[in-house]
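What follows is a set of notes on a single structure, which appears directly below.
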Amino acid sequence: MKVYNTLSGTKEEFLPDGSQVNMYVCGVTPYADCHIGHAMSYIIFDVIRRYLEFKGYRVRHVQNFTDIDDKIINRANALSISARELADRYIAQYFASMDAINIQRAHVYPYATQEIPQIIEIVQGLLKKGYAYEAGGDVYFRVTKKPDYGKLSHRHLEDMVAGARVEPGSGKEHPMDFALWKSSKPGEPSWPSPWGGGRPGWHIECSAMSLRYLGETLDIHGGGQDLIFPHHENEIAQSESFTGKPFVRFWMHNGLLQMGEEKMSKSLGNLVTVEEILRKFTPDALRLFVLGSHYRGPLTFSEAGLEAAERGVDRLRVAMEGGAPGGDSDLEATYRRRFTEVMDDDFNAAQAVGALFDLARDINRKKEQGLGTKGLQSLLKELGAVLGLTLKKLEKSVDTQSIIELVAEIRSKVSSVDQGLALEVFSPGDIVASKFPTTGAETYIDLLVTSRTRLRKAKQFALADEIRSGLAQRGITLEDTPQGTVWKFKG
RNA sequence: GGCGGCGUAGCCAAGUGGCCAAGGCGGGGGUCUGCAAAACCCCUAUUCAGCGGUUCGAAUCCGCUCGCCGCCUCCA
């Protein structure tokens with residue numbers, strides 16, 4: 001399979017050492033709710049991992065939490081809680097959001113604050129080799145000592161220095177030198193070190209964690225494109241200077257989520273949280289929205305786009321319903337091959353999704369023809385799962401009370417039309433059931449559906465249609481099939 | 001100033017030298033249905049921002065022009 005490598009700027013043949021793939025994905029700084037940009041990135045790397053596993057690789061996935069930095073300290077101070085408390089709160093929130101959108105958990109989630117000894121060891125090693133220097137309790141990386149500094153982001157030191165926004169740090173030898181260790185100010189969280197009390201710089205934790213949990217050379221290191229510079233560039237500088245080995249075989253970066261004309265970012269304050277999205281759309285719809293475009297390209301957030309994705313995923317859900325035993329091994333093999341071919345080409349999930357829609361059409365076609373569909377349906381389920389789609393039926397909550405009101409309304413209308421019909425439509429047992437509002441809404445919906453069927457048999461179509469439209473207003477759709485009427489929640 | 005990306009049907013979007021330019025949403029027609037819904041069938045880009053060039057052949061390669069965006073500062 002081919003995978004695009006940011007380092008080379010081309011697609012390369014993906015050949016890990018053995019059957020194991022070591023994958024490190026940059027995690028979050030837990031100081032705020034997860035937004036859909038995070039969702040996009042982690043959905044993408046979730047699919048990459050799921051596909052590698054589908055291909056038979058054993059993936060070891062490590063993802064960090066940067067649980068100490070300026071933003072955490074500032075936010076914690078503003079809320080008058082400890083940095084630890086704040087980080088723990090948002091780490092819990094991170095897991096809740098990601099679990100909700102069916103992201104597989106990494107095997108290890110190291111915390112920056114729990115890797116201090118490893119970090120200090122690396123900083124000491126870099127000092128010893130002359131790649132770093134101390135300046136007043138801070139330790140900086142000496143970028144001029146690394147001749148290929150800039151190789152990931154494809155820039156040169158001279159160009160960067162020429163840029164307007166580079167400000168020389170007080171004790172820095174070179175404006176692009178970056179902190180490995182920062183001395184702490186009074187009142188800030190602090191860890192003892194050979195250079196005095198302080199805390200790690202932003203980039204060093206990833207070098208320490210990946211080295212400890214995955215070894216000197218990673219197969220895949222991923223994150224958003226916004227991390228290419230300076231974060232990942234600096235990680236390379238640190239890690240390779242320390243170990244003398246190549247740090248990463250494949251650098252993978254996802255495109256960024258855009259909000260209309262501008263990007264979504266914390267500083268612009270135009271964030272949409274995962275929680276907000278899930279109030280309106282299903283996790284599958286969010287996934288389909290993300291996977292509909294290429295992972296390296298930008299994605300523009302839009303409610304209309306998510307609505308389209310919701311309708312689309314509903315087609316896949318419908319294809320999973322019903323069906324008869326039987327298979328079509330040729331067709332199954334064709335789809336499996338098509339799916340694999342496009343995913344082998346740098347995880348072209350958009351093409352894979354296209355294959356799933358065609359597969360769904362073939363399933364529905366066979367259903368119409370009365371042919372066996374179970375084989376194709378289990379394939380759709382399997383390939384959908386590789387993309388992290390659950391294809392679960394929509395489950396929404398309904399207002400039981402409003403359904404009961406509809407029952408009462410319909411009953412009075414039926415009896416005003418024909419007393420005898422009323423008795424027939426709502427049998428005594430039905431009416432007894434309706435006197436107990438503690439019963440779930442399903443009971444009443446079923447009651448209405450049954451009554452509607454009887455009304456239709458009696459050619460009372462106006463009343464039957466009132467039941468249908470009444471339920472529709474309450475978020476429930478009816479479908480009359482040869483096997484009878486089924487109801488479902490509206491998408 | 002440096003680096004990188006984008007511009008494909010009403011909308012989203014795949015496609016990087018050659019079968020009819022994926023797929024989704026939307027729209028139109030039809031089948032089914034008491035009517036619907038869902039599903040299925042057919043239609044919805046002779047054309048890929050514009051202009052030149054390379055080639056037997058380009059949306060795909062090269063050049064220029066126009067428009068848009070990201071990174072270079074915390075960010076997935």
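All figures in this text were calculated on a predicted structure; none of them were measured in a lab. Each chain gets a letter, A, B and so on, in the order its sequence line appears, and its residues count up from 1.
Taking only side-chain atoms of Glu368(A), from C-beta outward, the nucleotide of A37(B), C40(B), A14(B) with the closest atom is C40(B). Of the candidates A76(B), C40(B), C35(B), the closest approach to any side-chain atom of Asp465(A) belongs to C35(B).
Note on Arg155(A): a base of the nucleic acid sits closer than 4.0 angstrom, heavy atoms only. Residue Asn364(A) is in sugar-phosphate contact alone, with no base atom involved, counting any heavy-atom pair closer than 4.0 Å across all strands shown. Among the protein residues, Gly297(A) comes within range of no part of the nucleic acid, since none of its heavy atoms lies under 4.0 Å from any strand. Within the 4.0 angstrom heavy-atom criterion, no nucleotide atom of any strand lies near Arg75(A). Looking at heavy-atom distances under 4.0 Å, Arg468(A) makes contact with a base. Asp358(A) comes within 4.0 angstrom of sugar-phosphate atoms only, judged by non-hydrogen atoms across all strands, and of no base. If you check every strand for non-hydrogen atoms under 4.0 Å, His294(A) touches sugar and phosphate atoms only. Tyr42(A) comes within contact range of the sugar-phosphate backbone alone, with a heavy-atom separation under 4.0 Å but no base atom that close. Across all strands, Arg456(A) comes closer than 4.0 Å to base atoms (heavy-atom distances). Counting any heavy atom pair closer than 4.0 Å across all strands shown, Gly223(A) reaches sugar-phosphate atoms only and no base atom. Nucleic acid contact class of Leu227(A) (heavy atoms, under 4.0 Å, all strands): sugar-phosphate only.
Remark: C3(B) base-pairs with G70(B). Criterion, Watson-Crick or G-U wobble with two distances under 3.5 Å. Base-pair partner of C40(B): G30(B) (Watson-Crick or G-U wobble, both distances under 3.5 Å).
Counting to the nearest Å, the P atom of A36(B) and the CD1 atom of Ile476(A) are 22 Å from each other. Spacing between atom CG of Leu356(A) and atom P of C25(B) amounts to 13 Å, rounded to whole angstrom units. Atoms NE2 (His253(A)) and P (C71(B)) sit 14 Å apart, rounded to a whole Å.
For the ring-ring contact (aromatic ring centres under 6.0 Å, His included) criterion with His203(A), the lone passing option out of Phe247(A), Phe178(A), Trp181(A) is Phe178(A).
With its ring centre under 5.5 Å from that of the base six-membered ring and a plane angle below 30°, Phe461(A) counts as stacked on G34(B).
Between the CZ atom in Arg456(A) and the CZ atom in Arg468(A) there is a gap of 8.0 Å [rounded to 0.5 Å].
A tilted orientation is assigned to the rings of His253(A) and His232(A), their planes being inclined by 30° to 60°.
For residues 367-376 of chain A, the pairs satisfying side-chain hydrogen bond (donor to acceptor under 3.5 Å, both in side chains) are Thr373(A)-Gln377(A), with sequence neighbours left out.
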